[in-house]
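First up is the structure itself, then whatever we jot down about it.
Bear in mind that the values here come from a model prediction, so they are computed numbers and not experimental data. In what follows, every heavy atom counts, from backbone to side chain, and hydrogens, waters and symmetry copies are set aside. A, B, ... follow the sequence lines: proteins, then strands. Residue 1 opens every chain.
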Amino acid sequence: MKFKEYLRPASIDEALAGKSLHADSAFLAGGTYILSDPGLSARRARATAEGGREVVAIDISRIVPRTVERRGRELFVGAGATFQDLLDAQAVITSVVDAAKSMANRNIRNRATVGGNIAARKSCASLIPILLVLGSRVEIAARPGEGLVSEPLSVWLDRPKGLIVDVIIPLETGRRSAFRRWGRTACDISILTAAVSYRLEGGAMRELRIAAGGLGPRARLFPEIERLFEGKPLPRRADAEAAIAPLLSPVDDLRGSAAFKRLRGAGLIADALAGAVEEP
Amino acid sequence: MTVTLELNGRRISADVSPSDTLKTTLKHLGVISVRDGCDGEGSCGLCAVILDGKLVNSCLVPAPQADGARVITLEHFSKDRKLGIVQRALVDASCVQCGYCTPAVVLAIHDLLERTKDPSADEVRDALSGTMCRCTGYEQFFAAVRIAAKRIADPDYTERLAPEFRPELRHVGKDREKIDAAALARGEKAFVEDRVERDACHLKMLGSPYAHAWIKSIDVELARAAPGVVAVLTYENCPDLVYTTAGQGFPEPSPHDQRMFSRKLRHVGDRVCAVLAESPEEAEAALALVKVEYEPLAPVLSIAEAKAEGAPVIHSGEVRYVVGEPPEGSSTKGDGRDDPIIYQFPLHADPHRNLAASAAAGIGDVEKGFAEADVVIERTYRGNRVQSTPLEPHVVYARIDGGRLILHASTQVPWHVRRVVSRVLGIAENKVRVVKERVGGGFGAKQDIVVEDVAGYLAWTTGRPVYFRYSREEEFIASRTRHAMEITVKLGAKRDGRLTAILMRLDADTGPYGQHCLTVPMNAISKSLPLLLCDNARFEVKSYYTNLSPAGAYQGYGAPKGSFALQTALAELASELGIDQLEMIEKNRVRSGARIEILRSLGEGREGQAVTLGECGLGEMIARGKKAFRWNEPKPESGDPDWKIGRGAVIIQQGSGLPGLDAANAEARLLADGTVILLSGGADLGTGLDTVTAKAVAETLGLDMEDVAVLSGDTDVTPFDKGAYASSGTFFSGNAALLAAQDLRRKIIAIASSVLGEPESNLSIVHRGLVKGRHGEISLAKLGHMATQGEGHGELSGQGSFKTDHAAFPYGAHFVEVAVNERTGEVKVRRYHAYQDCGTPINPALAKGQIFGGCLKAIGHSLYEELVYDEEGRCLNPRFLDYKVPSIYEVPEDFVVELVPVADEVGPFGGKSVSEISVNGAAPAIAIAIHDAVGAWCREWPFTPERVLRAMGRL
Ligand SMILES: Cc1cc2nc3c(=O)[nH]c(=O)nc-3n(C[C@@H](O)[C@@H](O)[C@H](O)COP(=O)(O)OP(=O)(O)OC[C@H]3O[C@@H](n4cnc5c(N)ncnc54)[C@H](O)[C@@H]3O)c2cc1C
Ligand code: FES
Ligand code: FES
């Protein structure tokens with residue numbers, strides 16, 4: 001994306017004001033998504049089609065918090081925290097660490113932010129599935145002067161608005177969780193992701209949540225799969241795979257055929273179900 | 001807007017635009033160490049800097065965001081001529097090959113050592129995970145980090161990274177610093193981009209959106225009138241002649257079938273129009289104003305389509321032959337519209353049927369052989385297009401100086417560039433100078449004249465300096481790729497495994513133009529068949545035009561694909577016979593003293609001859625691999641029921657240059673202080689060739705390495721050399737340097753004899769630079785000085801010219817252990833051992849680095865890399881985000897290179913080639929190991945999880 005103007009607001013309210021003032025504007029955090037330049041032909045096509053449309057960048061990197069801390073049974077993650085911040089913080093549970101680690105490589109993790117990852121709403125977003133299954137909420141600033149409002153991440157993803165300031169991850173006692181991904185190489189973008197969480201009560205999975213990415217336009221919860229297993233004992237992996245696969249409808253693309261993604265996606269979910277652990 | 005930052009400890013203000021990135025800003029500030037391998041996609045890490053203590057890609061940092069930040073670049077560690085600890089460790093561990101990635105690697109390791117004093121292997125992987133290197137295979141980075149970490153505590157710490165060879169020699173067989181490594185590690189100006197002056201104009205190319213089309217009309221008036229535009233070039237005003245871009249010796253075994261610009265477009269990205277303008281932005285803006293009307297044609301997108309009856313004809317011009325007659329039945333009459341196709345000599349072609357070249361020959365009688373066999377199998381293997389992705393793409397800086405054209409080039413073939421460019425421009429060769437700068441990765445792709453013709457022409461016609469650098473996308477779609485091939489192998493054998501007949505039928509896809517169209521596929525045969533001794537062997541090679549990206553040379557040439565087909569087929573046959581695959585190899589392989597009859601039919605441009613091999617190291621290499629892998633014991637367990645372990649082993653070979661065809665020259669000059677300047681024609685691509693030639697001189701003249709300076713690959717200054725291809729560097733250019741040094745030694749002895757009054761037979765040169773007789777002695781410095789004096793004997797310089805009829809074969813055995821996930825089809829290479837004979841290893845650790853790099857590239861091709869096209873012939877993944885080259889995480893945990901030298905009688909100090917051969921092993925070895933693990937044969941590479949699952953019948 002090209003910038004015609006660059007704003008460095010001093011406060012969240014100022015950032016929001018800038019956003020409403022400039023119709024053609026974008027928040028800028030780590031910049032790894034906004035700046036990553038598409039290939040030459042895409043660049044040229046864009047230059048010709050849009051006459052090189054440019055936006056006003058609203059740099060929020062200095063005003064959005066980047067602390068990562070435990071507050072009781074909740075993990076507060078500033079939207080400005082980078083993936084590396086998340087990995088370096090002691091407070092983070094394994095399933096979230098696994099998800100954060102799956103972000104590209106160190107150079108990118110040093111810049112890419114949690115808020116940017118959510119707001120880019122990519123299907124293969126490293127963090128979104130695990131945040132969803134842990135029941136995370138986002139605190140957002142929507143209008144200047146109105147303070148923060150909090151809403152479930154799943155709601156925000158359906159109707160994004162405002163500026164994400166914090167992400168709150170509940171760490172419920174007894175809840176197990178896991179994240180799995182597949183990429184072509186170790187540092188590849190995640191082609192397919194899966195995250196699950198549930199409580200194991202009397203041998204049965206309760207409050208089961210399953211989210212996955214790479215299987216449609218956006219990473220999302222899959223209630224249709226949750227229903228298959230809710231209240232049931234942990235299935236055998238092969239059975240889970242066989243039951244899940246028909247419910248997935250990925251598309252063919254250069255990163256894999258639909259058939260492969262279905263098989264692999266089901267496998268990741270099955271693996272996550274089998275591998276979920278609880279952490280203190 | 002103004003940003004102020006602390007750059008390497010100095011406060012600096014810069015005026016930036018809102019859209020500038022930190023990378024462009026640093027470039028404007030004159031920081032040269034910040035490189036670019038991916039056009040700012042964020043995936044190569046070569047633009048890395050340390051920003052407020054964190055390693056980040058500066059192409060992804062908006063310049064305004066860096067306001068007030070502390071920025072550290074490589075320059076911070078290069079404040080004086082001394083190297084910092086990390087830089088020194090990288091040099092010592094042979095990690096500086098082309099050096100294009102080195103600045104980023106230095107920063108990444110510094111960043112790591114700031115965080116941890118004694119990093120684990122996993123921490124090293126994490127630290128370098130974002131830094132791409134295409135040369136080294138990353139393995140030696142682990143040693144570099146270890147050395148750097150130790151030296152922080154103990155500055156004198158050293159370790160030996162490779163065994164030593166040839167104890168009787170001073171330098172040869174010992175590790176010496178690569179002579180350009182320190183400069184590259186310091187980030188000195190070295191590459192073409194570093195030579196570009198402020199007044200340079202920028203060339204941008206409009207590529208065809210269609211795989212196959214005519215230009216109906218092209219209107220460049222608006223573009224020509226656009227601000228900053230200096231020149232616009234299309235098929236209407238470019239030179240009217242056809243040539244081949246293949247950087248091969250003249251007359252080339254490649255058809256002259258390409259005009260600088262043609263009305264007929266033959267692949268997506270084919271040249272439509274070039275704009276030269278004062279700035280890149282103005283050039284881009286003008287390109288957007290070019291109006292082209294196309295007449296799209298049906299594209300030919302596979303070998304099958306190319307050979308189909310009634311296929312669209314890609315080259316429909318008149319076919320001419322400089323020497324010889326058209327093959328019988330071939331069509332030569334042009335359509336009156338398309339460019340002519342000129343063959344220097346017949347290649348059994350029929351271009352109007354899309355057949356660019358073909359060949360067939362053999363020994364014995366294969367039909368008889370198959371009739372005698374107890375078992376016969378026939379299998380087809382496919383290899384798709386891969387690209388070598390030199391991190392510095394094709395680039396040239398052309399300027400006029402003193403009425404001559406100077407090309408600062410990143411090339412493997414300075415003399416071929418000079419020849420072709422002067423011919424295309426219609427000027428004498430003495431009007432053109434090609435200066436090979438340091439090359440940021442060549443790998444074969446830079447054996448072709450991809451950018452120099454058009455940049456040279458525009459510089460010559462406008463008089464302006466011209467900078468032309470490919471984008472990463474152009475590098476993928478419009479430079480050179482490895483030919484796609486389909487190889488059918490038919491093998492017959494007796495029950496005991498002895499082969500009775502081999503038939504290889506190879507179809508290659510040479511893309512839109514015929515550079516290397518015959519030699520690459522022939523190389524697939526000539527570097528695979530002679531590994532097996534069989535009285536009845538035959539091959540049939542056909543090379544077809546298609547409308548996919550141009551194919552050309554790439555490290556290994558055709559050999560990796562031939563090796564994949566033949567070695568895998570041999571293992572398939574072994575499995576059919578119930579014989580261990582290594583036993584099968586053992587029964588049939590070439591060995592010491594064997595007579596290799598098949599070479600009679602593999603002449604490489606001249607009459608072939610059978611060769612009786614001297615000593616062959618394969619036995620020893622196989623024995624070492626068997627021991628290391630406990631071949632005769634049960635396989636190890638993976639500890640996870642999903643993951644199955646498998647092993648595979650192959651034997652491989654290559655050549656060492658083109659005997660009878662190519663030549664190399666060098667000149668060694670003695671200076672007045674007893675040091676030597678070597679003028680070598682050889683083109684060092686980061687492979688260490690200049691170090692090899694320097695060693696030849698230092699060894700011969702009793703000097704230290706620092707007593708020899710090497711100037712190489714400059715067509716004005718250094719004598720002719722065929723260039724760096726066909727594994728010729730050490731063998732040809734190295735021998736030329738050695739001959740030059742010996743010639744100089746002879747002259748020195750002759751003069752010393754008269755000065756000392758002792759017969760020549762009494763004299764010898766000893767370390768350091770001393771001619772010793774029975775009675776007297778005289779230093780080279782003295783002799784050098786005398787040469788400059790009035791009563792002197794004239795300048796002492798030695799000439800070396802090397803050519804040979806002798807073929808030197810390096811051999812190798814590669815062993816691999818993989819884990820294959822039965823559920824997911826994923827393949828992990830756990831162990832990779834390369835046992836290789838490069839003759840005397842001139843510089844062992846550097847030789848190992850070449851092999852590590854080749855092996856990892858080949859692992860990449862085998863598992864991840866492939867250019868994918870849609871049904872219109874557009875490449876879908878011309879970027880690193882979707883063309884996956886291995887990162888440091890893909891390096892096998894147990895990655896071993898062992899040198900098993902068998903000295904060659906003609907090679908310099910017994911040396912042979914080393915690097916190319918190492919890409920020949922991975923694909924077949926991994927395919928065999930996958931079969932060993934899960935019982936499925938993968939016959940198409942890359943072996944992606946999807947293909948593995950399909951082979952297993954799970955998908
Ligand atoms: C080489 C490479 C590899 C990558 N690999 C991965 C991968 O493996 N997994 C993955 O998930 N992603 C990957 N990405 C994409 C990665 O850029 C994003 O996922 C990243 O997290 C974006 O964060 P950022 O801070 O850089 O966002 P930016 O680029 O600054 O912004 C991203 C988007 O979010 C908006 N935004 C940013 N912050 C906020 C906020 N607080 N509130 C509201 N809107 C906001 C911006 O307006 C913009 O639309 C990769 C990118 C590159 C270049
Ligand atoms: S140029 Fe910045 S990451 Fe490649
Ligand atoms: S040495 Fe790393 S890219 Fe060449």
A quick test of your reading: do over 12 heavy atoms of other residues, nucleotides or ligands sit less than 6.0 Å from CD of B:E114? no

Compare every heavy atom of [Y] with every heavy atom of [X], then report the nearest pair and how far apart it is.
X: A:Y6; Y: B:Q65; result: OH-CB, 3.4 Å
X: A:F3; Y: B:P18; result: CD1-O, 3.4 Å
X: A:N107; Y: B:G45; result: ND2-CA, 4.1 Å

In terms of heavy-atom pairs under 4.5 Å, which option from [options] contacts chain A the most?
options: B:D882, B:L206, B:N877; result: B:D882
options: B:S17, B:A288, B:S471; result: B:S471
options: B:D39, B:V61, B:L876, B:V868; result: B:V61
options: B:T824, B:V56, B:I477; result: B:T824
options: B:R472, B:E474, B:R954, B:K884; result: B:K884

With a 4.5 angstrom heavy-atom cut-off, could you sort out which part of [X] is near chain A: side chain, backbone, both or neither?
X: B:P209; answer: neither
X: B:C59; answer: backbone
X: B:D20; answer: neither
X: B:L863; answer: neither
X: B:L128; answer: neither
X: B:T944; answer: neither

Where do A:D88 and B:R115 land on the salt bridge (Lys or Arg N to Asp or Glu O under 4.0 Å) test, with the steps shown first? CA-CA 11 Å; A:D88 292 341; B:R115 287 180 278 117; over 6 Å; no

Taking atom [atom1] of [X] and atom [atom2] of [Y], what is their separation to the nearest 0.5 Å?
X: A:D188; Y: B:E890; atom1: CG; atom2: CD; answer: 9.0 Å
X: B:M1; Y: A:E5; atom1: CE; atom2: CD; answer: 9.0 Å
X: B:R125; Y: A:C187; atom1: CZ; atom2: SG; answer: 11.0 Å
X: B:S43; Y: A:N105; atom1: OG; atom2: CG; answer: 9.0 Å

Between [X] (side chain only) and [Y] (backbone N and O only), is there a donor and an acceptor less than 3.5 Å apart?
X: A:R8; Y: B:P64; result: yes
X: A:N110; Y: B:L55; result: yes
X: B:E946; Y: A:S257; result: yes
X: A:R106; Y: B:T131; result: no
X: B:E473; Y: A:S41; result: yes

Checking side chain to side chain contact (heavy atoms under 4.5 Å, CB included) for the pair A:R264/B:L949: CA distance, chi angles, key distance, verdict? CA-CA 11 Å; A:R264 196 68 183 90; B:L949 289 176; 5.8 Å; no

Non-hydrogen side-chain atoms of B:Y889 and A:T185 separated by less than 4.5 Å: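 No, their side chains stay 4.5 Å or more apart.
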
Under 4.5 Å from a heavy atom of chain B, the part of [X] involved:
X: A:R262; answer: neither
X: A:T82; answer: neither
X: A:D59; answer: side chain
X: A:R111; answer: side chain
X: A:R44; answer: side chain
X: A:L40; answer: both
X: A:K4; answer: backbone

Out of A:M1, A:R237, A:Q84, return the one with the most heavy atom pairs under 4.5 angstrom to chain B.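 Among the listed options, the one with the most contacts to chain B is A:R237.
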
With no hydrogens and no angle check, do the side chains of B:S19 and A:E54 hold a donor and an acceptor under 3.5 Å apart? no

List the steps and the verdict of salt bridge (Lys or Arg N to Asp or Glu O under 4.0 Å) for B:D67 and A:R62. CA-CA 11 Å; B:D67 192 33; A:R62 294 174 199 205; 5.4 Å; no

Could you walk me through whether B:R823 and A:E241 pass side chain to side chain contact (heavy atoms under 4.5 Å, CB included), step by step? CA-CA 10 Å; B:R823 285 174 63 227; A:E241 243 177 271; 2.6 Å; yes

